[in-house]
Amino acid sequence: QLQLVESGGGLVQPGGSLTLSCTATGYTLENVAVGWFRQAPGKEREGVSCIGRSNNNRYYVDSIKDRFAISRDNAKNTVYLQISSLVPEDAGTYYCAVDTIQTGCTQPALTPLNGGLATFHWGQGTQVTVSS
């Protein structure tokens, strides 16, 4: 059974950086698209970045694309989200998600194909706090 585990969150000072990890068990991420989402307090969850099975297939929302970098390490079955120059607006819970029937991304927010809830999987999230 596919499970996604995010890690790497924590308390970071403004201007700092961190790397979030999304590791899968029970499934190989190598050939599927993986998305990162952020949910700030009191706001809806938004997709911030997506990476397809090819490292050249990457998308970012415009507001963060100069500071966020998504990548994958297939040997570790892990997708990363590096965040630099953190600002308070980056705070929130970060989730990764996989749709096992999608191999590529067409936008920053990975969305289920054909309402495919059976193929779309979420991690439990990791909390990022930005404060001095």
Side-chain angles (χ1 to χ4, degrees):
Q1 182 177 354
L2 187 159
Q3 288 189 322
L4 299 172
V5 178
E6 300 96 334
S7 61
L11 173 63
V12 184
Q13 291 186 342
S17 62
L18 53 70
T19 299
L20 306 180
S21 301
C22 171
T23 301
T25 59
Y27 195 84
T28 299
L29 294 180
E30 183 173 1
N31 293 315
V32 295
V34 180
W36 277 101
F37 295 76
R38 174 175 68 190
Q39 186 166 21
K43 296 187 177 181
E44 292 187 356
R45 186 159 49 188
E46 62 167 341
V48 295
S49 186
C50 184
I51 186 168
R53 107 180 129 182
S54 166
N55 276 321
N56 293 326
N57 180 214
R58 288 182 275 196
Y59 285 84
Y60 304 94
V61 294
D62 287 342
S63 60
I64 55 87
K65 65 181 179 180
D66 293 332
R67 301 187 294 111
F68 285 34
I70 192 170
S71 62
R72 60 167 70 235
D73 184 335
N74 292 330
K76 295 182 178 180
N77 210 28
T78 297
V79 171
Y80 302 99
L81 185 69
Q82 295 174 283
I83 309 174
S84 61
S85 302
L86 277 145
V87 297
E89 292 74 23
D90 293 326
T93 303
Y94 284 74
Y95 301 88
C96 64
V98 165
D99 191 340
T100 58
I101 59 173
Q102 292 190 61
T103 60
C105 307
T106 59
Q107 59 180 0
L110 183 67
T111 55
L113 278 182
N114 302 321
L117 298 179
T119 62
F120 203 89
H121 302 266
W122 292 96
Q124 85 290 347
T126 186
Q127 183 72 35
V128 173
T129 302
V130 183
S131 176
S132 55

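Quick caveat: nothing in here was measured; it's all calculated off a predicted structure.
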Asp99 side-chain N/O to Leu113 backbone N/O, donor-acceptor pair under 3.5 Å: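 Yes.
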
Main-chain N/O of Gly15 paired with Ser85 side-chain donor or acceptor, under 3.5 Å: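 It does not hold such a pair.
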
Separation between [atom1] of [X] and [atom2] of [Y], rounded to the nearest 0.5 Å:
X	Y	atom1	atom2	value
His121	Cys96	NE2	SG	12.0 Å
Tyr80	Thr23	OH	OG1	6.5 Å
Arg38	Ile83	CZ	CD1	7.5 Å
Gln127	Gln39	CD	CD	10.0 Å
Arg67	Asp90	CZ	CG	4.0 Å
Thr93	Arg45	OG1	CZ	9.5 Å

I want to check something: taking the side chain as every heavy atom from C-beta on, are [X] and [Y] in contact at a cut-off of under 4.5 Å?
X	Y	value
Val130	Pro14	yes
Leu29	Thr78	no
Thr119	Pro112	no

Common cluster, [X]/[Y], ILVMFWY with side-chain heavy-atom separation under 4.5 Å:
X	Y	value
Trp122	Leu110	yes
Trp36	Tyr59	no
Val5	Tyr27	no

Over all heavy atoms of both residues, which pair between [X] and [Y] is shortest? Give the atoms and the distance, please.
X	Y	result
Val34	Cys22	CG1-SG, 4.4 Å
Gly123	Tyr95	O-CD2, 3.6 Å
Leu81	Val48	CD2-CG2, 4.3 Å
Tyr60	Ala69	OH-CA, 3.4 Å
Ile51	Arg72	O-NH2, 3.6 Å
Ala33	Cys105	CB-SG, 3.9 Å

Test log, rule side chain to side chain contact (heavy atoms under 4.5 Å, CB included), inputs Ile70 and Val79: CA-CA 7 Å; Ile70 192 170; Val79 171; 3.9 Å; yes

Geometric class of the Phe120/Phe37 ring pair [parallel <30°, tilted 30-60°, perpendicular >60°]: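 Perpendicular: the ring planes of Phe37 and Phe120 meet at over 60°.
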
Audit row: Thr126, Ser7, side chain to side chain donor-acceptor pair (under 3.5 Å) steps and yes/no: CA-CA 6 Å; Thr126 186; Ser7 61; over 6 Å; no

Derivation and outcome, side chain to side chain contact (heavy atoms under 4.5 Å, CB included), residues Glu30 and Arg53: CA-CA 6 Å; Glu30 183 173 1; Arg53 107 180 129 182; over 6 Å; no

Donor-acceptor side-chain pairing of Asn31 and Thr103 below 3.5 angstrom: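 The criterion, which ignores hydrogens and geometry beyond distance, is not satisfied for Thr103 and Asn31.
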
